[in-house]
Amino acid sequence: SDPKEAEKLLLQVKQREPNVADLWGPLIDLYIKIKSPDKAIAIAESALLLKPNDLKMLNGIAQAQYDQRNYQAAITTCERVIGLAKDNLFAHYRLALCAKAQNRGADAQREFELVYALEIIPYETLAAEMASDYRSKAKFAGWRIMCGQISAILAAILPGRLIEHLGKDSPDTYLYM
């Protein structure tokens with residue numbers, strides 16, 4: 001839970017396994033979380049020397065550039081990610097945020113709509129693809145809606161109960177949420 005302790009442990013992993021770039025992702029995430037984008041970019045760029053087209057590292061760089069308010073660099077990195085994987089939600093979402101930050105409303109709206117479409121269309125059409133007859137499609141759709149409603153109810157009730165049971169200041173409260 002202590003960022004400095006986590007950083008120390010993650011740096012030890014990086015030093016023990018210097019050629020395994022996949023292990024560096026949590027360190028990049030930590031640096032982004034604790035608002036050290038320069039360190040995040042440095043680690044990600046080192047990982048890219050080992051795996052030049054690693055989407056996780058590129059998305060980490062784009063996030064750090066966005067946090068630095070270097071929107072043009074973040075846009076360039078996101079476009080590189082999209083060139084490698086056209087349906088990468090993180091890159092499209094970050095492009096939308098950059099466009100919004102630059103007061104380019106039409107571009108931001110287009111990217112947000114694309115992210116929404118990439119996420120919601122598979123979710124909404126899965127039942128139709130899984131079944132061939134109307135009755136089965138209706139059952140799948142009904143179960144999807146019911147599970148969504150149950151999830152919404154639990155999401156409204158459980159956080160309050162966890163805080164009540166574990167205490168507002170307990171780190172376990174937020175771990176379980």
Side-chain angles (χ1 to χ4, degrees), residues 1-3 6 10 22-35 40 44 51 53-67 71 74-75 77-102 104-177:
S1 63
D2 177 28
L10 291 168
D22 294 336
L23 298 176
W24 303 359
L27 184 58
I28 294 164
D29 294 339
L30 174 70
Y31 285 139
I32 288 170
K33 184 177 180 179
I34 64 172
K35 306 293 184 210
K51 289 178 74 177
N53 294 325
D54 189 300
L55 298 177
K56 169 82 173 144
M57 301 306 152
L58 289 168
N59 275 314
I61 290 172
Q63 177 65 49
Q65 291 166 331
Y66 176 81
D67 290 347
Y71 302 122
I75 288 169
T77 304
C78 288
E79 288 172 346
R80 179 175 171 193
V81 171
I82 292 167
L84 296 168
K86 290 187 186 321
D87 60 347
N88 190 287
L89 289 175
F90 297 110
H92 284 289
Y93 180 70
R94 201 151 296 104
L95 272 179
L97 292 176
C98 289
K100 182 179 177 194
Q102 293 177 329
R104 295 184 358 245
D107 292 339
Q109 182 176 355
R110 185 185 68 245
E111 287 298 326
F112 279 124
E113 288 173 355
L114 180 60
V115 169
Y116 181 77
L118 286 170
E119 181 67 26
I120 204 69
I121 289 173
Y123 173 75
E124 292 287 338
T125 61
L126 183 61
E129 295 296 323
M130 290 174 61
S132 58
D133 64 297
Y134 175 76
R135 174 176 242 139
S136 297
K137 290 178 185 186
K139 282 183 183 179
F140 279 128
W143 277 104
R144 179 180 53 81
I145 292 168
M146 187 166 57
C147 289
Q149 292 299 316
I150 291 169
S151 298
I153 291 168
L154 290 174
I157 294 171
L158 286 180
R161 298 287 184 211
L162 283 171
I163 291 170
E164 183 180 291
H165 180 69
L166 298 172
K168 189 167 89 173
D169 297 325
S170 171
D172 290 338
T173 301
Y174 302 98
L175 174 69
Y176 293 121
M177 276 199 252

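These numbers were taken from a predicted model, which means no experiment stands behind them.
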Can you tell if the side chain of L95 reaches within under 4.5 Å of the side chain of L114, non-hydrogen atoms only?
no
Here the side chain to side chain donor-acceptor pair (under 3.5 Å) pairs for residues 111-121, sequence neighbours left out, are H92-E111, Q109-E113
Taking side chain to side chain donor-acceptor pair (under 3.5 Å) as the test, write out the residues that go with D87, two or more places apart.
none
For I150, all residues meeting side chain to side chain contact (heavy atoms under 4.5 Å, CB included), sequence neighbours excluded
M146, L154
CG/N53 to CG/L84 distance, rounded to the nearest 0.5 angstrom?
4.5 Å
For P159 and A155, the nearest pair of non-hydrogen atoms, with its separation, is CD-O, 3.2 Å
Determine which pairs satisfy side chain to side chain donor-acceptor pair (under 3.5 Å) with at least one residue from residues 148-161, sequence neighbours left out, and list them in order.
none
Who are the side chain to side chain contact (heavy atoms under 4.5 Å, CB included) partners of R104, not counting sequence neighbours?
I75, A99, Q102, D107
Roughly how far, to the nearest 0.5 Å, is CG of L158 from CD1 of I163?
11.0 Å
Taking only residues two or more places apart in sequence or in another chain, which ones pass side chain to side chain donor-acceptor pair (under 3.5 Å) with R80?
none
Side-chain donor-acceptor pairs under 3.5 Å in residues 134-143, sequence neighbours left out?
unit_1 : atom_1 : unit_2 : atom_2 : d
S136   : OG     : D133   : OD1    : 2.9
S136   : OG     : D133   : OD2    : 3.4

Which residues satisfy the ring-ring contact (aromatic ring centres under 6.0 Å, His included) test with Y71, sequence neighbours excluded?
Y66
Across all chains, not counting sequence neighbours, the side chain to side chain donor-acceptor pair (under 3.5 Å) partners of Q63 are D67, R94
Run the side chain to side chain contact (heavy atoms under 4.5 Å, CB included) test against A91 and tell me which residues pass, sequence neighbours left out.
N59, C78, V81, I82, N88
What residues, two or more places apart in sequence or in another chain, satisfy salt bridge (charged side-chain N to carboxylate O under 4.0 Å, His left out) together with D29?
K56
Surrounding CZ of F90 (heavy atoms of other residues, nucleotides or ligands, distance under 6.0 Å), is the total greater than 12?
no
Heavy atoms of L55 and A85 approach each other most closely as CD1-CB, 3.8 Å
Write down the atom of Y93, the atom of V115, and the distance for their closest heavy-atom approach.
N-CG2, 3.5 Å
